[in-house]
Amino acid sequence: MRRPFIAGNWKLHKTTAEAVALVEALDSGLTDVADRDIVVAPVFTALTSAASVLSDSNIALAAQNCYPENQGAFTGEVSPALLKDAGCRYVIVGHSERRQLFGETDAFINRKVRAVLDTGMTVILCIGETLEEREGDKTFEVLERQVREGLQDIGAAAMDGVVIAYEPVWAIGTGKTASDAQAQQAHDFIRRLIADLFDKQVAERVRIVYGGSVKPGNVDGLLRQPDIDGALVGGASLKAEDFMRIVRFEAG
Ligand code: PEP
């Protein structure tokens with residue numbers, strides 16, 4: 001049994017005061033939830049304040065990005081070591097906005113994956129096809145390349161520190177969700193690929209979560225799919241009520 005994993009990616013939203021108010025609301029509203037991992041990813045500048053609120057909580061902190069070196073002349077960048085120092089246990093890597101808006105390549109993303117794993121934090125590796133790629137029948141080719149190259153030189157043991165987020169780009173922030181069947185088909189493909197690249201045990205253990213317009217109204221159906229182990233939530237994670245309902249998904 002894989003432990004469900006629900007993460008909120010707040011993107012470039014919320015001041016420190018607003019972030020603290022949201023983590024306080026989530027912390028008090030979700031204290032009884034013990035059977036799933038709950039993660040939130042505020043902006044860098046709110047991380048230490050959020051960490052103080054969550055010091056004794058069942059909610060963990062993630063960063064939205066990092067640079068793959070721990071120190072040096074890299075003006076403006078933030079390293080995995082500093083994110084761990086700020087209270088993070090997870091780092092999101094390879095989000096489609098980073099790939100599309102900031103030109104991040106699979107090779108660069110792989111450096112980040114390895115740098116995060118080296119600190120002992122868990123990496124949330126985002127992959128997913130664009131609409132053009134889906135319509136051009138390239139979905140599986142793209143997913144295979146992103147998984148192979150993103151996880152290059154990662155050993156089977158280190159895979160315990162990896163969560164894969166399948167996020168079809170056409171479903172992110174658009175209100176268009178992949179159907180339960182479309183998402184399940186992609187997750188099944190990714191899990192079989194992990195079995196080929198590593199082994200069956202790694203594939204059975206790795207958590208593959210879905211992202212792309214997840215909302216209180218569609219989470220239950222998605223999470224009912226056998227290979228969907230959780231959700232990476234953007235827009236709906238900014239409202240305490242919505243995110244708490246998503247965390248409390250009912251897949252039974
Ligand atoms: C995301 O940013 O990872 C995401 C899935 O966003 P949204 O839920 O808003 O589509």
Side-chain angles (χ1 to χ4, degrees), residues 4-14 18-19 22 26 36-44 46-47 50 59-66 88 90-104 106 109 112-113 116 122-131 133-134 139 142-143 146-147 150 162-180 182-184 186-187 190 207-223 225 227-249:
F5 179 94
I6 307 287
N9 170 17
W10 296 0
K11 310 195 186 191
L12 186 43
H13 293 290
K14 300 204 181 282
E18 289 165 345
L22 182 50
L26 296 175
R36 47 201 75 180
D37 288 337
I38 312 167
V39 177
V40 293
V43 296
F44 288 143
L47 284 172
I59 302 175
L61 268 186
Q64 299 176 17
N65 181 34
C66 68
C88 292
Y90 299 85
V91 182
I92 298 171
V93 158
H95 191 280
S96 65
E97 287 150 19
R98 304 262 1 137
R99 293 176 189 263
Q100 295 203 309
L101 302 175
F102 303 98
E104 293 194 3
D106 288 307
I109 291 162
K112 296 185 185 202
V113 169
V116 172
T122 295
V123 66
I124 303 167
L125 170 64
C126 301
I127 58 170
E129 80 287 359
T130 62
L131 185 59
E133 288 161 344
R134 176 160 281 263
T139 297
V142 169
L143 296 181
Q146 292 175 337
V147 170
V162 176
V163 172
I164 297 173
Y166 169 60
E167 300 203 300
V169 180
W170 48 272
I172 296 181
T174 58
K176 279 189 210 149
T177 319
S179 69
D180 299 347
Q182 278 173 323
Q184 166 57 27
H187 283 232
I190 296 162
R207 289 177 297 178
I208 307 173
V209 305
Y210 171 80
S213 299
V214 174
K215 305 261 180 304
N218 59 26
V219 68
D220 296 342
L222 286 161
L223 274 281
Q225 305 307 308
D227 288 293
I228 302 185
D229 305 316
L232 179 55
V233 186
S237 70
L238 296 170
K239 289 195 201 117
E241 289 277 288
D242 285 358
F243 189 63
M244 290 194 290
R245 171 62 184 86
I246 290 169
V247 168
R248 292 183 187 281
F249 71 87

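Note that ligands are numbered from 1 as they come in the structure, with each ligand's atoms numbered from 1 the same way. No experiment lies behind these values; they were computed from the predicted model shown.
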ask   = Are any non-hydrogen side-chain atoms of Phe5 and Ile38 less than 4.5 angstrom apart?
value = no

ask   = Among pairs that include at least one residue of residues 236-246, which meet salt bridge (charged side-chain N to carboxylate O under 4.0 Å, His left out), considering only residues two or more places apart or in two chains?
value = Asp220-Arg245

remark   = One should read off an interatomic distance between Asn65 CG and Glu97 CD, to the nearest 0.5 angstrom, of 11.0 Å

query = Hey, what do you get for CD (Glu104) to CD1 (Ile109), rounding to the nearest 0.5 Å?
reply = 5.5 Å

query = Going by distance alone, is a donor N or O of one side chain under 3.5 Å from an acceptor N or O of the other, for Trp170 and Glu129?
reply = yes

key: Geometric N/O contact Glu97 with ligand 1, under 3.5 angstrom   = no

query = Who passes ring pair (Phe, Tyr, Trp, His ring centres under 6.0 Å) against Tyr166, sequence neighbours left out?
reply = His187

note = Ranked by distance from atom 5 (C) of ligand 1, the top protein heavy atom is Glu167 OE2, 3.0 Å

ask   = Can an N or O of Ile172 be found at a distance shorter than 3.5 Å from an N or O of ligand 1?
value = no

key: Atom indices of ligand 1 within 4.0 angstrom of Ser213 heavy atoms, with elements   = 7 (P), 8 (O), 10 (O)

Protein residue, atom and distance nearest to atom 9 (O) of ligand 1, heavy-atom basis = Gly235 N, 2.8 Å

Reported CG-to-CD1 distance for the pair Leu143 and Ile190, which is rounded to 0.5 angstrom = 5.0 Å

Shortest reach to atom 10 (O) of ligand 1 by a heavy atom, considering only Gly234, Gly173, Pro168, Ala231 = Gly173

message = At less than 4.0 angstrom from any non-hydrogen atom of Asn9, what atoms of ligand 1 do you find?
response = 1 (C), 2 (O), 3 (O)

query = Quick check: does Thr174 get an N/O under 3.5 Å from an N/O on ligand 1?
reply = no

task = Working to the nearest 0.5 Å, report the span between OG1 of Thr130 and CD1 of Ile172.
result = 11.0 Å

query = Nearest protein heavy-atom contact for atom 1 (C) of ligand 1: which residue, which atom, what distance?
reply = His95 NE2, 3.2 Å

task = Would you mind listing which atoms of ligand 1 come within a distance below 4.0 Å of any non-hydrogen atom of Gly212?
result = 5 (C), 10 (O)

inquiry  = Residue-level breakdown please: for Ala171 versus ligand 1, do any non-hydrogen atoms fall below 4.0 Å on the side chain, on the backbone, on both, or on neither?
reply    = backbone

